[in-house]
There are 2 protein chains.
Amino acid sequence: MKITPTSLPVAPESEPEPGQSRYGWLAAGMRSRIVQGEWPPGEPIPPEALLAKTHGVALGTIRQALALLVAEGLLERQHGKGTYVKAGLGGASMMRFFRFRHGSEDQPVPQSRILRVKRRLADADESDALGLPTGGSVLQVERMRSLHGRPCLLEHLVLGLPRFDALAESNPKDWDDLLYPMYQRVCGVVILRAQDELSFELLNSADARRLELDTAHPCVRVQRKAFDMSNQCVELRTTLGDAFAFQYTAQVR
Amino acid sequence: MKITPTSLPVAPESEPEPGQSRYGWLAAGMRSRIVQGEWPPGEPIPPEALLAKTHGVALGTIRQALALLVAEGLLERQHGKGTYVKAGLGGASMMRFFRFRHGSEDQPVPQSRILRVKRRLADADESDALGLPTGGSVLQVERMRSLHGRPCLLEHLVLGLPRFDALAESNPKDWDDLLYPMYQRVCGVVILRAQDELSFELLNSADARRLELDTAHPCVRVQRKAFDMSNQCVELRTTLGDAFAFQYTAQVR
DNA sequence: CAGTGGTCTAGACCACCGC
DNA sequence: CGGTGGTCTAGACCACTGG
């Protein structure tokens with residue numbers, strides 16, 4: 001007696017879990033293909049019609065799945081052209097919020113110099129934010145970002161360590177100026193969303209010296225949590241910079 | 001002699017402009033019914049099936065229109081129950097646009113005192129931003145916002161004038177602490193989105209005096225453009241506040 | 001022009017809610 | 001149970017893009 005008498009070319013393991021909508025299942029599959037790099041960032045994915053046929057599903061269903069991924073920020077659709085994998089939150093697009101009034105130039109990517117890299121145990125707040133087990137460890141990074149040879153931003157990073165091992169074992173001299181694309185290339189971590197908290201304070205003497213500013217100079221502190229595709233926070237970042245060279249834009253809904 | 005011999009309850013002027021999708025048109029109509037109060041906040045709107053029938057359109061089309069309004073935050077759908085007009089559209093939910101955090105955790109609504117209201121011609125930038133004809137006029141408002149009797153925010157507003165005539169003719173003494181709900185009630189203007197630009201500077205003596213701070217005290221400047229349902233900018237707002245009492249949270253995508 | 005996504009239809013069946 | 005929104009189908013035609 002045949003248990004599965006179907007002779008149709010059904011893809012293996014293509015059983016939507018009960019309680020899971022079909023388009024949700026399809027979206028999950030495509031999400032995974034994006035994460036695994038099978039559909040690389042910036043490249044178009046197969047057209048709707050093909051996807052519908054290969055998955056044995058109606059057009060509308062595929063479109064619902066695609067709509068999900070568009071809402072998540074993974075895909076971008078262009079009428080008449082195709083559906084493209086988003087190039088992620090590139091470091092450059094994150095930096096668009098900072099503007100430094102040196103000369104009248106338009107925000108080139110600041111150069112980066114790694115000051116310190118250290119492996120250490122995570123404290124309670126970090127374990128909580130990064131979803132690490134108690135006793136988990138992190139990679140702590142300090143770096144200075146400069147424009148035209150002048151220091152402008154002092155950054156302090158904390159990265160969860162099972163995930164960023166590949167980075168921890170590499171040479172900081174080889175790191176890129178833009179970290180987020182490097183996270184993706186080296187560790188397969190795609191940053192899709194971030195939450196910034198801005199506040200204002202006066203520089204202490206140590207930070208002031210490194211930024212070549214006076215002690216008690218006004219500065220901006222941006223505390224960022226960066227999230228990956230599964231909405232897990234994977235990076236804690238604190239950035240200090242001259243308040244008078246600062247500008248920030250935000251959408252409110 | 002009857003001019004409209006039709007016996008069907010067809011809505012007048014129901015011609016989707018060319019270049020406008022049908023569901024976009026339907027959404028506009030329903031949006032207007034919400035704004036006009038025909039579908040009051042917190043109440044359910046007619047079921048999809050009925051809407052589809054009365055508009056002589058397929059179910060899927062109505063659903064697309066509803067999805068638009070849900071995305072705009074005007075509607076809320078509940079499986080098995082109905083589709084509801086979001087409550088608090090005219091309430092404290094507008095506080096989500098108020099992004100400052102002052103020291104303590106909670107966020108009471110600051111009291112508002114109108115300092116000055118003036119009708120004047122718009123300059124070039126304002127005409128451009130607010131979509132006014134050349135030579136158009138605006139309503140300029142200055143107000144102080146206070147928490148627990150202490151001045152904390154100095155605001156400077158510019159409102160396009162054909163649109164806000166009703167406000168211009170009312171008594172500023174009667175204005176609410178929260179302006180956006182009042183815009184809706186008095187002028188039928190619903191603010192759905194805003195864009196903030198933050199920068200830091202030092203207070204001039206006049207502003208410092210009004211904020212009860214020292215001249216050259218560090219302060220934050222938030223320049224906001226607020227947009228209505230048709231994505232037209234209808235308010236320009238500049239807010240000044242003590243930098244040390246400042247905190248701001250933003251999502252980055 | 002061919003290929004893509006965008007709109008729209010007219011149904012069907014399922015899942016949830018409250019009575 | 002009846003009524004609601006949620007999912008899905010199998011088409012059709014339109015609008016945009018590029019060669």
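Letters A, B, ... are given to chains in the order of the sequence lines, protein chains preceding strands, and every chain is numbered from 1.
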side-chain contact (heavy atoms from CB on, under 4.5 Å) partners of B:Arg33, counting only residues at least two apart: B:Met30, B:Glu38, B:Trp39, B:His55

CD (A:Gln232) with more than 12 external heavy atoms under 6.0 Å: yes

N/O (side chain, B:Arg63) to phosphate O (OP1/OP2, D:dG5) under 4.0 Å: no

Partners meeting side-chain contact (heavy atoms from CB on, under 4.5 Å) with B:Ala67 (sequence neighbours left out): none

Nucleotide C:dG3, atom C1' - distance to CG of A:Leu51 in whole Å: 14 Å

Residue list, side-chain hydrogen bond (donor to acceptor under 3.5 Å, both in side chains) with A:Gln195, at least two apart or on another chain: B:Gln251

Partner residues of A:Thr238 under the side-chain contact (heavy atoms from CB on, under 4.5 Å) criterion, sequence neighbours left out: A:His156, A:Arg221, A:Gln223

Integer-rounded Å distance: C:dT7 C1' and B:Leu68 CG: 12 Å

Whole angstrom value for the distance that separates C1' of C:dT4 from CD of A:Glu76: 15 Å

Test side-chain hydrogen bond (donor to acceptor under 3.5 Å, both in side chains) applied to A:Asp128 - qualifying residues, sequence neighbours left out: none

Identified stems (criterion: three or more consecutive Watson-Crick or G-U pairs, under 3.5 Å), DNA chain C: C:1-16 with D:3-18

Rounded distance in Å - CZ (A:Arg77) to C1' (C:dG3): 14 Å

Identified side-chain contact (heavy atoms from CB on, under 4.5 Å) counterpart of B:Val158 within the set B:Val141, B:Asp123, B:Val138, B:Asp125: B:Val138

Results of side-chain hydrogen bond (donor to acceptor under 3.5 Å, both in side chains) for A:Thr83 - residues two or more places apart only: A:Arg77

Atom-pair distance (CD on A:Gln78; P on C:dG5), nearest Å: 11 Å

Partner residues of A:Asp228 under the side-chain hydrogen bond (donor to acceptor under 3.5 Å, both in side chains) criterion, sequence neighbours left out: A:Arg163, A:Ser230

Do any N or O atoms of the protein come closer than 3.5 Å to N or O atoms of nucleotides 14-17 of chain D, and which pairs are they?
residue : atom : partner : partner atom : Å
D:dA15  : N3   : A:His79 : NE2          : 3.0

Gap between atoms CD and C1', on B:Glu48 and C:dC13 respectively (whole Å): 14 Å

Residue-phosphate contact under 4.0 Å: B:Thr83 side-chain N/O, D:dG5 OP1/OP2: yes

Nearest-Å distance for atom pair CG/P, residues A:Leu66 and C:dT4: 13 Å

Pair listing, salt bridge (charged side-chain N to carboxylate O under 4.0 Å, His left out) test, anchored in residues 58-70 of chain A, at least two apart: A:Glu48-A:Arg63

Interatomic distance where OH belongs to B:Tyr84 and C1' belongs to D:dG3 [whole Å]: 12 Å

Residues which pass side-chain contact (heavy atoms from CB on, under 4.5 Å) with A:Ser112, listed by chain and number, not counting sequence neighbours: A:Ile114, A:Arg143, A:Asp177

Pairwise N/O distances under 3.5 Å, protein to nucleotides 8-11 of chain C:
residue : atom : partner : partner atom : Å
C:dC8   : OP1  : B:Arg22 : N            : 2.4
C:dC8   : OP2  : B:Arg22 : N            : 3.4
C:dC8   : OP2  : B:Tyr23 : N            : 3.0
C:dT9   : OP2  : B:Ala58 : N            : 2.8
C:dT9   : OP2  : B:Thr61 : OG1          : 2.3

